[in-house]
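Throughout, protein chains are lettered first and strands after them, A, B, ... in sequence-line order, and every chain is numbered starting at 1.
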Amino acid sequence: MKRSDLILIVLVLCLAALPLAGGAYTLRLGTMAAMSCILALSWNVIGGFAGYPSFAAAAFFGLGAYTTGILLGYKVPLWLSLPIAAGLSFALAGLLGAVLLRLRGHYFAIASLALVEVLREIVNHATDLTGGGMGLNIPVTAGTDIMADARFFFYAMWLVLLVTTIAVIAVSSSRLGFGLSCIRQNEAASQMVGLNTTLYKSIAFGLSACFVGAAGGVYAAWVHYIDPTDVFDILYSVKPIVMALIGGLGSSLGVMIGALLYLVLEEVVWRNYIQFHSAVLGALIIALLLFLPHGLTSLRGGLLLRRLRGA
Amino acid sequence: MPEILKLDNVSRRFGGLYALRDVTLGIDSGEILGLIGPNGAGKTTLVNVVTAVTPATSGRVAFAGEDITRVKSYQAARRGLSRTFQVVQPFPEMSALDNVAAAAAFSRPGTSLHAARDAAREHLAFVGLEGMAGQSAATLTLAMRKRLELAKALAMRPRLLFLDEVNAGLNTAEVERATGLIHQIAKSGVTIVMIEHLMKVVLNVCTRIAVLHNGALIANGAPRDVIKDSAVIEAYLGQQYARRHGHG
């Protein structure tokens with residue numbers, strides 16, 4: 001295991017101590033943070049490792065949310081609903097991936113974006129199952145005490161994050177990760193050395209979808225009510241990409257730090273510039289990407305220290 | 001010698017243009033076949049058809065007795081067909097070692113990355129790049145990248161190796177070195193098909209020559225006979241070459 005992977009694991013484990021520190025607001029932030037990290041780490045598998053810029057995260061977030069919501073409605077317990085949501089997301093992404101991943105670059109990005117719209121429309125029209133535009137009420141799973149509820153869902157999301165982190169690290173140091181790196185750098189050459197690129201890309205797309213699906217599931221159970229515009233929100237696709245870009249493509253640790261930094265920025269900006277927070281956040285992101293195009297990971301620790309010392 | 005590769009009436013069309021037209025060609029196990037012809041004759045297309053980069057429009061390709069006309073390129077690679085590219089195709093951000101390890105690992109499913117890196121070290125040493133193992137492929141010189149390409153192809157432990165202009169862009173010393181490597185590879189029992197413009201190398205290395213012109217095979221035989229063939233002189237070598245070598 002690389003040092004950066006070790007730091008990543010430690011970072012995730014530290015996050016688990018959050019309930020010791022704060023109240024319901026902190027836990028809410030923590031849950032959102034864990035969710036963002038899941039989305040960003042997942043995006044990095046297809047976007048960072050394999051080099052296919054996917055905008056499909058919102059599709060699988062919504063799919064996971066609705067799958068879990070509907071299953072909970074049928075009295076399936078949460079611990080069982082989440083793996084089902086994840087499995088379904090993996091399967092659907094894997095199957096669609098075999099087709100969509102024939103496209104490259106912008107074409108793939110647009111196609112993956114269309115996937116979000118397609119799933120949203122299907123959910124909108126399957127009124128009997130999903131409630132359509134009226135949304136879906138989801139039974140309360142964790143009890144009625146506010147703090148207990150907050151703590152339960154924080155840990156549920158954190159657990160998904162932990163599994164995601166372990167999976168992502170396992171992928172990056174495995175044959176699969178090696179193959180994805182080959183595909184990103186030269187897909188034609190990858191095929192010529194005997195790499196089944198379609199299979200590898202499909203698995204990567206499936207992996208990038210399944211934890212997002214699980215996160216969507218936890219989200220649905222947490223907020224008790226979902227509707228198509230909420231869970232198929234395109235921001236679930238865009239934000240992870242911005243986070244990954246801030247952190248540095250391809251590096252799991254970088255992406256995770258990017259996600260956390262983005263959330264801090266978002267929260268600080270929102271608190272201080274409530275009137276025009278989107279504009280300020282946008283300007284900050286543009287500035288970051290302009291001056292640090294390779295993300296935070298391109299800053300080397302030694303370099304930073306030297307600069308601070310003024311040498 | 002048994003036939004390792006057999007092309008039967010193979011054609012490849014791009015729209016209305018025939019890049020290959022009814023090519024029938026057999027390659028025997030153990031030989032070094034030179035594939036020559038003017039630019040655009042279909043030499044690279046022939047390699048692309050066999051390695052399944054661009055499948056044949058019609059006709060049949062058999063490798064070691066099995067029909068491979070419709071296999072995917074990664075499957076062709078796993079069967080022991082490997083190639084180098086005219087324009088080198090490294091994984092630019094990876095080290096030279098990992099470039100070769102990728103070839104060793106993916107051409108044989110079940111090879112661990114550890115074993116693949118061990119094998120890669122040997123192949124790098126064979127092409128004389130052991131000192132560059134840790135360098136990223138993008139930083140290597142063209143001559144080194146060509147040798148890296150060769151190491152990659154060899155790491156797949158091919159039975160049939162296509163060399164697509166491995167000498168293009170190299171200086172005399174580098175060409176000599178590459179030629180030496182080709183001889184050694186052939187000695188280890190690998191059948192070689194080489195696309196080459198340097199006639200000196202072709203005559204020095206090849207046991208047989210096949211000539212393509214406008215997608216059709218116009219000559220096929222022993223090097224000495226082929227360079228005297230009037231159709232070949234007309235299409236490719238030119239009168240000057242023929243005169244200079246006393247065949248005109």
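- Between Ser73(B) and Gln191(A), the closest heavy-atom pair is OG-OE1, 3.4 Å.
- Contact tally against chain A (heavy-atom pairs below 4.5 Å) for Pro92(B), Ala103(B), Ala155(B): the top residue is Pro92(B).
- Taking both residues in full, the closest heavy atoms of Val193(A) and Lys152(B) are given as CG1-CE, 4.3 Å, listed atom of the first, atom of the second, then distance.
- In this structure, chain A has no heavy atom under 4.5 Å from any part of Arg79(B).
- Side chain of Gln185(A) to backbone of Glu93(B): a donor-acceptor contact under 3.5 angstrom is found.
- Residue Met192(A) comes nearest to Ala77(B) through the heavy atom pair O-CB, 3.3 Å, listed as atom of the first residue, atom of the second, then distance.
- Residue Thr198(A): no heavy atom, backbone or side chain, is found under 4.5 Å from chain B.
- The residue among Asn99(B), Thr51(B), Asp98(B) with the most heavy atom pairs within less than 4.5 Å of chain A is Asp98(B).
- Across Ser174(A), Ser181(A), Ser190(A), Gly194(A), the residue that shares the most heavy-atom pairs under 4.5 angstrom with chain B is Gly194(A).
- More than 12 heavy atoms of other shown residues, nucleotides or ligands fall within 6.0 angstrom of atom NZ in Lys6(B).
- In the displayed structure, Tyr107(A) atom OH is contacted under 6.0 Å by at most 12 heavy atoms of other residues, nucleotides or ligands.
- No more than 12 heavy atoms of other residues, nucleotides or ligands sit less than 6.0 Å from atom CZ of Arg157(B).
- Comparing Pro109(B), Ser82(B), Ala105(B) by heavy-atom pairs within less than 4.5 Å of chain A, the highest count is held by Ala105(B).
- Residues Met94(B) and Cys182(A) come closest through the heavy atom pair CE-SG, 3.4 Å.
- Taking the six-membered ring wherever Trp is involved, the centroid distance between the rings of Tyr200(A) and Phe106(B) falls below 6.0 Å.
- Contact of the Asn196(A) side chain with the Gln75(B) side chain is not registered, since no non-hydrogen atoms from C-beta on lie closer than 4.5 Å.
- Annotation: side chain of Leu113(B) is in contact with side chain of Phe178(A) (closest heavy-atom distance under 4.5 Å).
- Checking side-chain atoms of Asn186(A) against main-chain N and O of Phe91(B) turns up no donor-acceptor pair under 3.5 Å.
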